[in-house]
Amino acid sequence: MGVSVIIPVAKHDERITNTIRQLANLRRFDYIPSEIILVDGSGNKETKKTALEAVERFRLRTPFRVVDSGSSKYFRLIDNGIKNAKYNFVVINNPGVFLDLNYMKIASESMLMANDIAAIGGRVEAIADIDLPEWISEFRKDYGVGEVIPLSGLIVDPKSSLLGSGIILRKEAWDSLKTRHFRFSEDSDDTSAEILFRELSAALRLSGWRLYVNNDLKSKKHFEEVHLGWRNLRLLQRKSGEGFFTEKYYEKLQQKTGPNKLKDFTNTSPRKRNTRKRIRKAYHHLRKQHYWNEKYFDSSLTGSRQVLISEKYLGIISDLLNDIPTYTKRLRLIKRIAYKWDLKLLRVCFVTTPYDYPNYPRKNCSKGITIIMLNRSGYMPNLYGSIRDLTYQDLPKGFKWEVMIFGKPIDAEAQHRIQQILNTSPIKIPIDYYREEELNFKNILKNYIDSSNYENLILIGENDRLSTDYVRTAYRFMNSQQKVAAVGGSIEFETSVAAPKWFNIYKSMYCQQNPAEVSGDITSTEKLLVAQGIVVRKSAVIEAMKTVGEETNDAAFSNSLLHAFRNNGWEISYQSRLKLRHIIYEKDLRWEVMRKNFWMLGTTENILTKENIGSEIVSSVTEEKGLRIGEIVSTVNKLNKYPFGKIFSEKNEFRGDSDILEIEKLKGN
């Protein structure tokens, strides 16, 4: 008798190192032999390398080995781990699950109490690097955390099941299920592991085994920030719906047959059901939940419970559609059952994630989106946040797009971290890195526009966060309006710290307000679009670059580019549904930045005057102060009204004196 700890790895996970470190800290007992097996199904060489480095680094004394698995499916990993286990008691320790110090001792003693106990579960605490959301307590079952009822003792209620994290499984019980030809309804990844463990609990009861709870078995389950988001919660609800029929099937089967009466699972399958009737019933319940009302799609949980219930019914429909072998037949059945205006939204039932679409072929390879991202700060957490935000985009499966990141060289470690973030996305995001010292949109478009593979370009910075439908909406709009050269959207600001009192007065310096009250064509007006998030047409940019001015800052270049579009006969549009969130950090709220913004404002007005009125402005650059002073007499007269001494005596704090800001604006002129 002994304990084998299995670490199933479906994909490369950075939490492997911390998991091995915690296992190295467990208390060892000479009378309890143990081993640790990492079952690698990631297909990534870095997984094994990372694990072996952690074993050596933390001086793991327990025998450790790595077993390669041919599949990344969760229960295939467990099956391969149990096959290679030496001992009869197996602990399923997922990456990110940290066992208590006395876990080995309590696990072994609990299993020795009775030979008919198949599995033992304990109490799991949720932890994260960020503050846990308040609503996680309402969805403990989905996340596999909390306490199992009863708190300690045998599980009698057929609806109760063990949590998947840190479960202790008797190897003999697992083998007995295989002998009885038990088939799990569906192989899946770790997002549905908790659902499949509930199915395992029902199957063990049917085979005559008993389940036990010992809340002295304590463990902690670490969640990354992406796992605590709205998108992932919806995904868990979708998976819950997919396992709904199977779970109910085994509960009813246990009530009919009782324990120890069903000897063979060969002729028992939860897949036998009236597919069309059940899809129609699930669709009927789906329409009751106001699923089609967009106001419920909010980033928080307030007032959005209908969405979660709807995801469950969408999971039921998706699971039932899997009984139909071909895509054409599934689509034909949906068209017969659902209303015509609901077909567009029901496309999510054909795949497993909330935002994927059917993979329709795209013939024209130039029709796509290129995102040009400037990493000015060089602060990698900012860039990680931007890349993670792109993984939440609501895009069709196989959508053609790319991301071009410009900035300082990004080392191999940072690129590896970015790749880990990309692996969490169900959509593929091709990323290329470019080294560029002059980080402004004019220089990038001038030198690298030919490197873009697609016709539509989105210009953003590392502090910009696109809404989930930004790329899809921009793509559809640009393809439907061939005469439009540029389109912009509404921008909201967000500060990383408490904004100063004067911020509301001068917030337009940081985040330009919406250029129009309603969406539409703004070509005939003098409305301007802010550089962040602007979508431009590649062919129009190439044409406009021949006549664009010599401005180097993004705001001035954006304005000059828009005027060039107008002069060349292109249209400019504003669409409020294109929503972008611009993050302002603490360093951007300093007094020097405010003065620079006002100087840039004067430069922009200077350009508008030159473009619209046609007056020539001769300017010079003062080497000592780096300030461009226009040689217009009216500007000089205005400057004489303000005391120049304040420009160089002002401290970094903003004292409420707006004269200095006005001077900077006039100097830009």
- [ ] Just do the side chain to side chain donor-acceptor pair (under 3.5 Å) check on Thr391 and Gln393 with the steps written out, would you?
- [x] CA-CA 6 Å; Thr391 63; Gln393 285 297 312; over 6 Å; no
Task: Spacing of CG belonging to Leu314 relative to CD belonging to Gln237, to within rounding of 0.5 Å - done: 11.5 Å
Open item on the list: Treating Arg537 as the side-chain partner and Asn456 as the backbone partner, does any N or O pair qualify as donor plus acceptor under 3.5 Å?
Closed with: no
TODO: Answer whether the closest heavy-atom distance between the side chains of Ser467 and Leu580 falls below 4.5 Å.
DONE: no
Open item on the list: Any heavy-atom pair between the side chains of Arg205 and Arg210 that's under 4.5 Å?
Closed with: no
Open item on the list: Please determine whether side-chain contact (heavy atoms from CB on, under 4.5 Å) holds for the pair Leu217 and Ile168, giving the CA-CA distance in whole Å, both sets of side-chain angles, and the decisive distance to 0.1 Å.
Closed with: CA-CA 10 Å; Leu217 287 169; Ile168 309 168; 3.4 Å; yes
- [ ] Examine distances only and state if a side-chain atom of Glu402 and a backbone atom of Asn453 form a donor-acceptor pair shorter than 3.5 Å.
- [x] yes
TODO: Determine whether the aromatic ring centres of Tyr283 and Tyr313 lie less than 6.0 Å apart.
DONE: no
Open item on the list: Tell me whether the NZ or CZ atom of Arg417 lies within the 45° cone about the ring axis of Tyr384 and under 6.0 Å from its centre.
Closed with: yes
TODO: Begin from the C-alpha positions of Arg15 and His222 and carry the test side-chain contact (heavy atoms from CB on, under 4.5 Å) through to its verdict.
DONE: CA-CA 8 Å; Arg15 295 176 296 178; His222 180 271; 3.6 Å; yes
Open item on the list: With a 3.5 Å distance limit and no angle check, can you tell me whether Lys221 reaches the backbone of Tyr143 through a side-chain donor-acceptor pair?
Closed with: yes
Task: Candidates Leu383, Asp432, Ile372 - the one meeting side chain to side chain contact (heavy atoms under 4.5 Å, CB included) with Ile405 - done: Leu383
Open item on the list: If we check side chain to side chain contact (heavy atoms under 4.5 Å, CB included) with Asp40, which of these qualifies: Asn80, Asp68, Ile16, Leu77?
Closed with: Asp68
Open item on the list: Could you tell me if the side chain of Val471 sits less than 4.5 Å from the side chain of Ile371, heavy atoms only?
Closed with: yes
TODO: Measure the spacing between NZ of Lys178 and CD1 of Ile82 and express it to the nearest 0.5 Å.
DONE: 8.5 Å
- [ ] Answer yes or no: is there a side-chain heavy-atom contact under 4.5 Å between Leu466 and Leu390?
- [x] yes
TODO: Say whether Ser42 and Thr47, considering side chains only, have a donor N or O and an acceptor N or O under 3.5 Å apart.
DONE: yes
Task: Minimum side-chain heavy-atom gap Tyr74-Asn94 below 4.5 Å - done: yes
Open item on the list: Are the side chains of Leu228 and Leu132 in contact, using a 4.5 Å heavy-atom criterion?
Closed with: yes
Task: Closest non-hydrogen atom pair between Ala118 and Trp209, with its separation - done: CB-CB, 3.4 Å
Open item on the list: Asp389 vs Asp464, test: side-chain contact (heavy atoms from CB on, under 4.5 Å). Steps then yes/no.
Closed with: CA-CA 9 Å; Asp389 185 73; Asp464 298 325; over 6 Å; no
Task: Donor-acceptor side-chain pairing of Ser576 and Ser490 below 3.5 angstrom - done: no
- [ ] Quick one: pull up CZ in Phe399 and OH in Tyr475 and give me the separation to the nearest 0.5 Å.
- [x] 6.0 Å
TODO: Flag yes if more than 12 heavy atoms outside His284 fall under 6.0 Å of its NE2 atom; otherwise flag no.
DONE: no
- [ ] Evaluate side-chain contact (heavy atoms from CB on, under 4.5 Å) for Leu578 paired with Phe477, printing each intermediate quantity in order.
- [x] CA-CA 10 Å; Leu578 292 174; Phe477 180 82; over 6 Å; no
Open item on the list: List the residues meeting side-chain hydrogen bond (donor to acceptor under 3.5 Å, both in side chains) with Ser386, not counting sequence neighbours, and say none if there are none.
Closed with: Arg465
Task: Lys/Arg-Asp/Glu bridge criterion (N-O < 4.0 Å) met for Asp469, Lys579 - done: no
Task: Separation of Asp131 CG from Ile136 CD1 (nearest 0.5 Å) - done: 12.0 Å
Open item on the list: Between Trp401 and Lys428 (side chain of the first, backbone of the second, donor and acceptor by atom type, cut-off under 3.5 Å), is there such a pair?
Closed with: yes
- [ ] Would you mind reporting whether Pro95 and Ile7 have side-chain heavy atoms less than 4.5 Å apart?
- [x] yes
Open item on the list: I want to check something: taking the side chain as every heavy atom from C-beta on, are Thr370 and Ile458 in contact at a cut-off of under 4.5 Å?
Closed with: no
